Amino acid sequence: MNGLRQILSHGTVTVLAVAIAFSLPGFANYILNEWWPEVESNASMLLWTEIALASILALVFNMATIAWDHRQRVLTTRLASLVLARNANPGWWSRRRERALVNQLTTARDAFVLTLTGYDTLVAEDSLLRPVIDKAYEIRVMLVNPVGQGLRRRAESLPPEVTVLTLHTEIEATIGALSALRKYGKKVKLKFYDEEPFWKIVVLGDYLWVQHCHSGFVVREQPEYVFALQHTEPRHGLFVPFYMIFLNYWNDPRHPEYDFDTNELVYRDAGGRETGRELLGVPIDGSKVPLSSQPSAAVAQAALLRRPASDREIVY
């Protein structure tokens, strides 16, 4: 489609250039021999001609100034490697541009995600990135620890309808989606961090999506920025700095890895040696409940919510 679009655009420009070139002699003959003699003898028409010419010149100079300013912005955007930016509620054109960008990533081998609960990216039906992530071979995901203070502080800063249990439900759904990908032979790893989230970062191939986790606002209400890796000048742009943020989080030995088979958090030292394990649970009334346990009637009220998707308050 991109090649066809370029061919059509070049063809259109060529046809216009040829049409203008062939029409110039006749247009010049009309101006010099018919239109100008009539204007020269008519003062009123001459005045209107001068006004129209002055207006056209003013419009042309203004357009040239705007084009120059936009050129400077383009150079700045190119230096930052920014390929797409959209507001929280984008229009159809912005979504179309993002969808066209995502369609170029169908062969992304690796997918790295640093997020809050991961629901909007890995589970939601309307996620543009989920199909690409599902096709990746190696998937690394970092979520906020459901038993950490960072998630509790995040929930307290959000609107009242968003609770810790709501976030727990979304984390459970994300873990379920990742577990399903493992069954298809994907290399999936999941880690948890305890800090209150500050960035949402998604790396797919040579493109990187970034959103700020502003306190008091759900992430989907934040602007989104997409940066691309510049192969010729990798030091330019913000792709590498944000990518390093993810790598620093991932390689931090303080962040435990999740064992999908035993539902445990695995702690390792800086050398990668296992130092301990802890059952992943959700603290409700001071007790811990495993995410994968089969809840009884009493535990079902204290454990992760298992409500239908239509009844859940989706946050992220």
Side-chain angles (χ1 to χ4, degrees), residues 86-90 94-95 98 113-130 133 141-180 190-202 209-225 245-246 249 255-256 258 263 265 279-293 295 298-316:
R86 66 174 181 84
N87 290 321
N89 298 313
S94 181
R95 296 291 291 180
E98 185 174 11
V113 181
L114 172 66
T115 180
L116 177 60
T117 68
Y119 189 95
D120 276 357
T121 304
L122 300 168
V123 182
E125 293 293 335
D126 59 348
S127 172
L128 293 179
L129 302 182
R130 194 188 69 172
I133 296 176
V141 179
M142 293 199 69
L143 307 178
V144 65
N145 195 332
V147 299
Q149 292 298 319
L151 181 134
R152 189 171 297 276
R153 289 194 297 268
R154 176 68 178 175
E156 292 173 352
S157 70
L158 295 175
E161 62 271 14
V162 180
T163 65
V164 173
L165 292 180
T166 305
L167 301 179
H168 286 167
T169 306
E170 297 184 3
I171 293 176
E172 181 190 26
T174 300
I175 293 177
L178 295 177
S179 299
L190 172 62
K191 289 187 176 183
F192 292 97
Y193 61 92
D194 293 323
E195 301 87 353
E196 188 174 357
F198 192 75
W199 295 110
K200 173 191 173 182
I201 300 175
V202 179
W209 279 254
V210 176
Q211 284 179 289
H212 177 220
C213 301
H214 196 289
S215 179
F217 297 90
V218 294
V219 181
R220 66 171 177 268
E221 295 179 354
Q222 296 297 108
E224 184 179 60
Y225 308 93
I245 290 177
F246 173 85
Y249 265 81
H255 302 149
Y258 179 69
N263 190 46
L265 298 179
L279 189 66
L280 177 63
V282 178
I284 304 295
D285 298 331
S287 62
K288 290 188 176 182
V289 180
L291 282 174
S292 60
S293 62
V299 174
Q301 297 179 358
L304 295 181
L305 300 180
R306 303 181 187 276
R307 296 173 295 177
S310 59
D311 298 333
R312 292 177 179 174
E313 179 66 28
I314 304 307
V315 178
Y316 187 72

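Computed from a predicted model, the values in this text were never measured in an experiment.
Closest approach of P256 and L265 over heavy atoms only: CB-CB, 3.9 Å. Closest approach of E196 to S215, counting heavy atoms only: OE2-OG, 4.3 Å. Between W199 and C213, the shortest heavy-atom contact is C-SG, 3.7 Å. Across all their heavy atoms, T121 and R130 have their closest contact at O-CB, 3.5 Å. The minimum heavy-atom distance between V144 and P197, with the atom names listed, is CG2-CD, 4.5 Å. Scanning all heavy atoms of the two residues, the minimum distance from P146 to L280 falls at CG-CD1, 3.6 Å.
Contact check for V219 versus D120: no side-chain heavy atoms found under the 4.5 Å cut-off. In this structure, the side chains of L129 and V113 stay at 4.5 Å or more apart for every pair of heavy atoms. The side-chain heavy atoms of N145 and Y193, taken from C-beta on, include no pair separated by under 4.5 Å.
Remark: I245 CD1 to L114 CG distance equals 8.5 Å, nearest 0.5 Å. Between the CD atom in E172 and the OH atom in Y119 there is a gap of 11.5 Å [rounded to 0.5 Å]. We find the OH-CD1 distance between Y258 and I171 to be 11.5 Å, quoted to the nearest 0.5 Å.
Take H214 and apply the side-chain contact (heavy atoms from CB on, under 4.5 Å) test, not counting sequence neighbours, and it matches H212, F217, Q222. Legend: residues meeting side-chain contact (heavy atoms from CB on, under 4.5 Å) with E156, ordered by chain and number and at least two apart, are R152. For A155, the side-chain contact (heavy atoms from CB on, under 4.5 Å) criterion is met by V164, L167, not counting sequence neighbours.
A salt bridge links R86 with E224: at least one charged nitrogen is closer than 4.0 Å to a carboxylate oxygen.
Between H255 and Y249, the ring planes lie parallel to each other; the angle is under 30°, not in the 30° to 60° tilted range.
Remark: the backbone N or O of K200 is not paired with any side-chain donor or acceptor of Q211 at under 3.5 angstrom. Under the 3.5 Å distance criterion, the side-chain polar atoms of S127 are left unmatched by any main-chain donor or acceptor of L122. Side-chain N or O atoms of S157 include one that pairs as donor or acceptor with a backbone N or O of R154 at under 3.5 Å.
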Test T163 against T166 for side chain to side chain donor-acceptor pair (under 3.5 Å), laying out the working first. CA-CA 5 Å; T163 65; T166 305; 3.0 Å; yes
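Screening L151, V147, L143, V141 for a side-chain contact (heavy atoms from CB on, under 4.5 Å) with F192, the sole residue that qualifies is L143.
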